[in-house]
2 protein chains.
Amino acid sequence: MYVNKFLHNFKVLSVIMVRKTKEDAGLTRQRIIDAAREVFLARGVSRSTLEHIATQADVTRGAVYWHFKNKTEIFHALRDQVFLPLIDRMDDTLTVESSDDALTQIEKSLCDTVHELNKNIEMRQTYEIMMMKCEYVDEFATVLQQILDNCSNITSKFELAYERAKAQSIIAQSHSPRALALDTHLFFSGLLHMWVKDVDGSKFRFQATELIKSHINLRRK
Amino acid sequence: MYVNKFLHNFKVLSVIMVRKTKEDAGLTRQRIIDAAREVFLARGVSRSTLEHIATQADVTRGAVYWHFKNKTEIFHALRDQVFLPLIDRMDDTLTVESSDDALTQIEKSLCDTVHELNKNIEMRQTYEIMMMKCEYVDEFATVLQQILDNCSNITSKFELAYERAKAQSIIAQSHSPRALALDTHLFFSGLLHMWVKDVDGSKFRFQATELIKSHINLRRK
DNA sequence: GTTTACATACATTCGTGTTTGTATATAATA
DNA sequence: TATTATATACAAACACGAATGTATGTAAAC
């Protein structure tokens, strides 16, 4: 017990790294993923070296190779950890039953996603990596297909919501839910792309919520 | 004269490459750019080697280094040649005066861009490279700023058109031209991204024109 | 005692940039 | 117009660093 406390101090001080418990190994793994995010963001995925990542994580390449097979595997770990949850979350806010009318629900779902991106730095950075700091070829091409699939999925959710809106008679009967859903989806993926590219926030980020609201209002009867 | 004909045959047969005139050098330069497009598309920009490009262009790296300082310079040459003209074109179709009403003009402008992408393979491939096969870091980061600037520019053009539409009383007075313009811009950049990602054309490409039309019809009073 | 969780050292490949060589086009000169 | 000089448009060879993967070493946990 006393010894553990002693070692713990060493660990915290980082003078001598003596990490061995499973718990510690888990932390190391996470540090590597976090480091990869920073490095990917700054240098792009292909220019990022395992040495860069190791240094940033304050370990050696040995540790990196212990936890991951190669750079691609780190990439996927990063993606799974941060990217996918956002999609799930959006899925949820759209599907869950609510006292709001259908249009408001769509609006809230979109705003919620943007809000999440705003406050969650890691998620924002990961998004930025996926959209601007990575080349979709070879082993990354599969990710692309997943993105397309997710898009289909989200669009279907939009469509269902618009059907409800139609049933609630809050949109014009002339518009087809399918077309509205596709339009909203394209609008939102455009917004996300611009949101990410607009690093200093002067063009899109500051007014993202308003853009969403006016997009939705356009539909309201 | 006779000798020239003789040499010409050699050139055409590609048995011995004897190219030296300025004209021939220009062709070689263009071949390198075309080769780069193919290689970038297949392997991504960072994984593309000057050796890959040279081989594809049927020359050696010597020729590549003669015409270009490095890979980045080839990238920019490719971009300038194919990417920028499309933007100019869109700019034009939006600005030029026409007998159509303002909404129709926006619609035609968007459809025209999609149509151009459909028939112009090189343009399509270049777009694909810029959007999915390239990492926007370091020397490529400048390109990103240019994209944002172009977006502002296009959005302004949309806004002017929507003001005309408002003056023509073909849209509801309650909508602000600025908001409509931003919405259209986000819709269209979303569409272009999806259009490019949808390689087999089953999700977006086949119905791109209809998507545009229904986007515009949503605005019509 | 064995496995875990790394650090260290090594071998090898790959891409880049540069240098050198060379045949031909083109300009200069006589 | 014929000859000569120089610049052009590459090909081929070289030198170098950088990144990868693997193999080995090792101390602590279990």
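Since we're looking at a predicted model, the values are computed, not measured. Chain naming here is simple, since letters A, B, ... match the order of the sequence lines and numbering starts at 1 in each.
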Strictly by modelled atom types, are A:T184 and A:H215 linked by a side-chain donor-acceptor pair under 3.5 Å? yes

With sequence neighbours excluded, tell me which residues meet side-chain hydrogen bond (donor to acceptor under 3.5 Å, both in side chains) with A:N150. none

Could you identify which residues of residues 60-67 of chain B place a heavy atom less than 4.0 Å from some atom of DNA chain D, listed by residue number, or say none? B:T60, B:G62, B:A63, B:W66, B:H67

With the criterion being N/O to N/O and under 3.5 Å, what pairs connect the protein with nucleotides 20-22 of chain C, and how long is each?
none

Quick check for you: among C:dC6, D:dA19, C:dT16, whose closest atom lies nearest to any side-chain atom of B:T49? C:dT16

In whole angstrom, what separates A:R47's CZ from D:dA18's C1'? 14 Å

Find the distance B:F68:CZ to C:dT16:P and express it as a whole number of Å. 15 Å

Would you write out the dot-bracket form of DNA chain D, 5' to 3', with Watson-Crick and G-U pairs under 3.5 Å, [ ] for crossing pairs, | for pairs to other strands and . for unpaired bases? ||||||||||||||||||||||||||||||

Of all residues at least two apart in sequence or in a different chain, which pass the side-chain hydrogen bond (donor to acceptor under 3.5 Å, both in side chains) check with B:E107? none

Short side-chain N/O contact to C:dC6 OP1/OP2 from A:T28, under 4.0 Å: yes

Test of understanding: with ring-ring contact (aromatic ring centres under 6.0 Å, His included), list the residues that count as partners of A:Y136, not counting sequence neighbours. none

Which residues share a ring-ring contact (aromatic ring centres under 6.0 Å, His included) with B:Y127, sequence neighbours left out: B:F83

Please enumerate all residues that pass side-chain hydrogen bond (donor to acceptor under 3.5 Å, both in side chains) together with B:E73, with sequence neighbours excluded. none

To the nearest angstrom, the CZ-P distance between A:R29 and C:dA5 comes to 12 Å

Taking salt bridge (Lys or Arg N to Asp or Glu O under 4.0 Å) as the definition, give me every residue that meets it alongside A:R89, ordered by chain and number, with sequence neighbours left out. A:D112, A:E116

Ignoring hydrogens and geometry beyond distance, is a side-chain donor-acceptor pair present between A:S152 and B:K203 at under 3.5 Å? yes

A:T21, nearest nucleotide to its side chain (from D:dC30, D:dG21, C:dA5): D:dC30

Only counting residues at least two apart or in another chain, list the ones meeting ring-ring contact (aromatic ring centres under 6.0 Å, His included) with B:Y162. none

List for me each residue that meets ring-ring contact (aromatic ring centres under 6.0 Å, His included) alongside A:H193, sequence neighbours excluded, and say none if there are none. B:H193

For B:E210, all residues meeting side-chain hydrogen bond (donor to acceptor under 3.5 Å, both in side chains), sequence neighbours excluded: none

Closest to the B:K71 side chain, choosing from D:dA11, D:dA9, C:dT16: C:dT16

